[in-house]
There are 2 protein chains.
Amino acid sequence: MRILYVEDATDMAEAVAIRLSRAGMACDHADSVEAAEDFLAVQSYDALILDINLPGRSGTDLLQSLRARGDRTPVLMLTALFTVDDRVTALDLGADDYLVKPFDQRELEARLRALLRREAEQKSEDLVLGALSFSPASMTARVAGDPVDLTRREAALLALLLRHRGQVQSKERLYNGLFAFNDADVGLNAIELYIARLRKKLAGAGVTISTQRGLGYRIDADG
Amino acid sequence: MRILYVEDATDMAEAVAIRLSRAGMACDHADSVEAAEDFLAVQSYDALILDINLPGRSGTDLLQSLRARGDRTPVLMLTALFTVDDRVTALDLGADDYLVKPFDQRELEARLRALLRREAEQKSEDLVLGALSFSPASMTARVAGDPVDLTRREAALLALLLRHRGQVQSKERLYNGLFAFNDADVGLNAIELYIARLRKKLAGAGVTISTQRGLGYRIDADG
DNA sequence: TGGGCGGTGACAGGTTCGTGACAGCTTTAC
DNA sequence: GTAAAGCTGTCACGAACCTGTCACCGCCCA
């Protein structure tokens with residue numbers, strides 16, 4: 001899951017980015033609307049976290065132009081204000097959710113997960129395939145009820161695959177979901193490595209990760 | 001995806017072409033506006049990468065005449081200049097994006113992908129025919145819901161046929177969609193080969209690829 | 001009946017992928 | 001604060017598979 005966090009307070013942005021990456025999300029940080037637009041020109045995101053109070057152009061500006069050009073990426077708005085009016089304005093402009101500063105990081109993560117789930121049109125919180133079930137909230141996997149120890153990256157990769165079960169996901173796409181621009185020099189080859197590690201840990205889970213040479217990977221239930 | 005890269009620095013062009021082809025894009029290289037127009041007369045492209053500083057006629061010339069004759073192919077401009085004026089000029093002439101030299105190759109790829117994605121989002125719905133469905137986004141084919149493993153070339157060929165279902169596609173046309181001029185030494189015969197492989201893999205899919213001798217191939221639903 | 005075009009099996013070459021070993025870094029435990 | 005454990009990502013080499021050629025056969029049409 002790739003997130004863009006638009007926020008001018010750098011220290012805060014870093015703290016959030018670290019927590020999110022710990023939760024398996026690749027998070028880029030833009031400190032202005034202009035910077036955010038550069039990121040958006042180059043990379044597509046699964047969600048945006050958008051501070052309203054920015055130096056120069058405001059966050060609502062960005063949201064408006066996003067929606068104007070038909071971009072439906074889920075947006076979570078942040079603000080220090082609390083009036084009902086502001087809330088309504090933000091939602092009318094096309095924000096999907098709203099959080100008042102200061103906020104609890106766990107709440108941010110939870111709301112983000114909710115947005116992403118809505119986007120993927122998942123019925124339930126957990127992703128289930130064969131005997132395997134995965135909970136994005138706790139980043140834990142279970143095979144027939146027994147927990148499987150996955151590392152952060154392994155879990156993030158599994159989540160990406162499961163969200164698009166049955167569809168081939170290109171290596172580049174998985175790479176973009178796993179790594180932010182910060183981790184610039186990581187080789188594409190790392191994906192192969194994590195696929196191998198996942199396959200090993202998920203042996204007997206009733207699922208198969210198959211390789212389409214030159215195209216990517218796909219997860220399916222056995223049988 | 002077929003790209004035309006207009007650039008007079010041959011060594012640089014080659015490096016870029018290699019990287020792009022590794023990313024699955026067929027990339028032709030023209031070293032002048034005149035050469036580019038020869039390519040464009042003969043072949044249609046999914047995107048153009050256009051250096052502004054060329055010997056003889058400049059890149060903006062080419063862009064202008066393209067747009068003047070109604071060609072909306074996405075264009076990514078390259079230049080050594082950095083002024084806001086140049087940027088605005090290029091965008092006003094109809095360039096879709098803009099990159100300043102020297103640039104990072106990964107950024108070029110990323111921006112190109114973004115351009116192509118924007119273009120592709122409109123036509124990325126699944127192609128359905130008989131019991132066969134193909135999703136261009138994930139390059140996945142299914143027969144009655146069961147995935148069929150296709151290689152990259154097979155998938156590209158199937159997509160071409162399905163986009164023009166019921167119409168005869170000449171062998172040359174299919175060839176041009178699959179190969180760049182660079183792969184010059186690939187025989188036309190390769191198309192026959194891939195048609196054969198597709199027929200084999202799609203047996204029982206409720207579709208038929210029929211041969212029109214001397215004309216080309218056509219895909220239809222059975223019955 | 002012959003010429004041209006398309007179909008197909010086998011094969012060589014090249015690319016992509018899988019995987020074990022290893023080094024750097026972070027986290028955890030004491 | 002230090003040591004141990006574990007996670008991450010690189011490298012290199014071998015295996016698997018895609019790719020396109022060749023050769024040969026069959027079919028269609030004049």
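Throughout, a chain's letter reflects where its sequence line sits, starting with A, and its residues are numbered from 1. Hydrogens, waters and symmetry mates play no part in the numbers below; they use all other heavy atoms, side chains included.
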Tell me whether the side-chain N/O atoms of T151(A) come closer than 4.0 Å to OP1 or OP2 in dG6(D).
no

Could you state the atom-to-atom distance from CG of L188(B) to P of dG7(C) in whole Å?
13 Å

Under 6.0 Å from the six-membered ring centre of F181(A) and within 45° of its axis: does the NZ or CZ of R2(A) meet both?
yes

Using the rule given for side-chain contact (heavy atoms from CB on, under 4.5 Å), can you reason through T211(A) versus I195(A), listing the C-alpha separation, both sets of side-chain angles and the distance that settles it, and then say yes or no?
CA-CA 10 Å; T211(A) 307; I195(A) 291 284; 5.6 Å; no

Which of the following nucleotides, dT8(D), dC17(C), dG7(C), is nearest to the side chain of R199(B)?
dG7(C)

For atom CG of L178(B) and atom C1' of dT19(D), their distance in whole Å:
12 Å

Just how far, in rounded Å, is C1' of dC17(D) from CD of E154(B)?
12 Å

Rounded to the nearest angstrom, tell me the gap between atom CG in D185(A) and atom C1' in dT10(D).
11 Å

If we check salt bridge (Lys or Arg N to Asp or Glu O under 4.0 Å) with E154(B), which of these qualifies: K200(B), R199(B), K201(B)?
K201(B)

Find out whether M139(B) and L150(B) are in side-chain contact, i.e. whether some heavy atom of one side chain is under 4.5 Å from a heavy atom of the other.
no

Are there any protein N/O atoms within less than 3.5 Å of an N/O atom in nucleotides 22-28 of chain C, and if so, which ones and at what distance?
unit_1, atom_1, unit_2, atom_2, d
dT27(C), OP1, R22(A), NH2, 3.0

Taking only the side-chain nitrogens and oxygens of Y217(A), find out if one of them lies under 4.0 Å from OP1 or OP2 of dT16(C).
no

Separation of K201(A) atom NZ from dG18(C) atom P, in whole Å?
18 Å

Look at all strands and tell whether D183(A) reaches a base, only sugar-phosphate, or nothing, counting heavy atoms closer than 4.0 Å.
nothing

How about CZ on R106(A), more than 12 heavy atoms from neighbouring residues, nucleotides or ligands closer than 6.0 Å, or not?
no

Can you check the K200(B) NZ to dA10(C) C1' distance for me, whole Å?
11 Å

Please determine whether the number of non-hydrogen atoms from other residues, nucleotides or ligands lying under 6.0 Å from atom CZ of R165(A) exceeds 12.
yes

Looking at side-chain heavy atoms only, is the closest gap between V186(B) and Y175(B) below 4.5 Å?
yes

Taking the side chain of L193(A) as its heavy atoms from C-beta onward, which of dT8(D), dT21(D), dT10(D) lies nearest to it?
dT10(D)

Distance in angstrom units between N189(B) CG and dC5(C) C1', rounded:
11 Å

Verdict with supporting geometry, V100(A) and Y98(A), side-chain contact (heavy atoms from CB on, under 4.5 Å)
CA-CA 7 Å; V100(A) 176; Y98(A) 192 93; 3.9 Å; yes

Regarding the side chain of T211(B), the nearest nucleotide among dG9(D), dG7(C), dT21(D) is dG7(C)

Does a side-chain N or O from R153(B) land closer than 4.0 Å to OP1 or OP2 of dC18(D), or not?
no

The contact string for nucleotides 24-30 of chain D, one letter per nucleotide 5' to 3', using protein heavy atoms under 4.0 Å with B, S and - for base, sugar-phosphate only and none, comes out as --BB---

Tell me if a side-chain donor or acceptor on R152(A) pairs with a main-chain N or O of S21(A) at a distance below 3.5 Å.
yes

Taking atom P of dC17(D) as reference, at what distance in whole Å does atom CZ of R152(B) sit?
16 Å

Would you call the rings of Y5(A) and H29(A) parallel, tilted or perpendicular, where under 30° means parallel and over 60° means perpendicular?
tilted

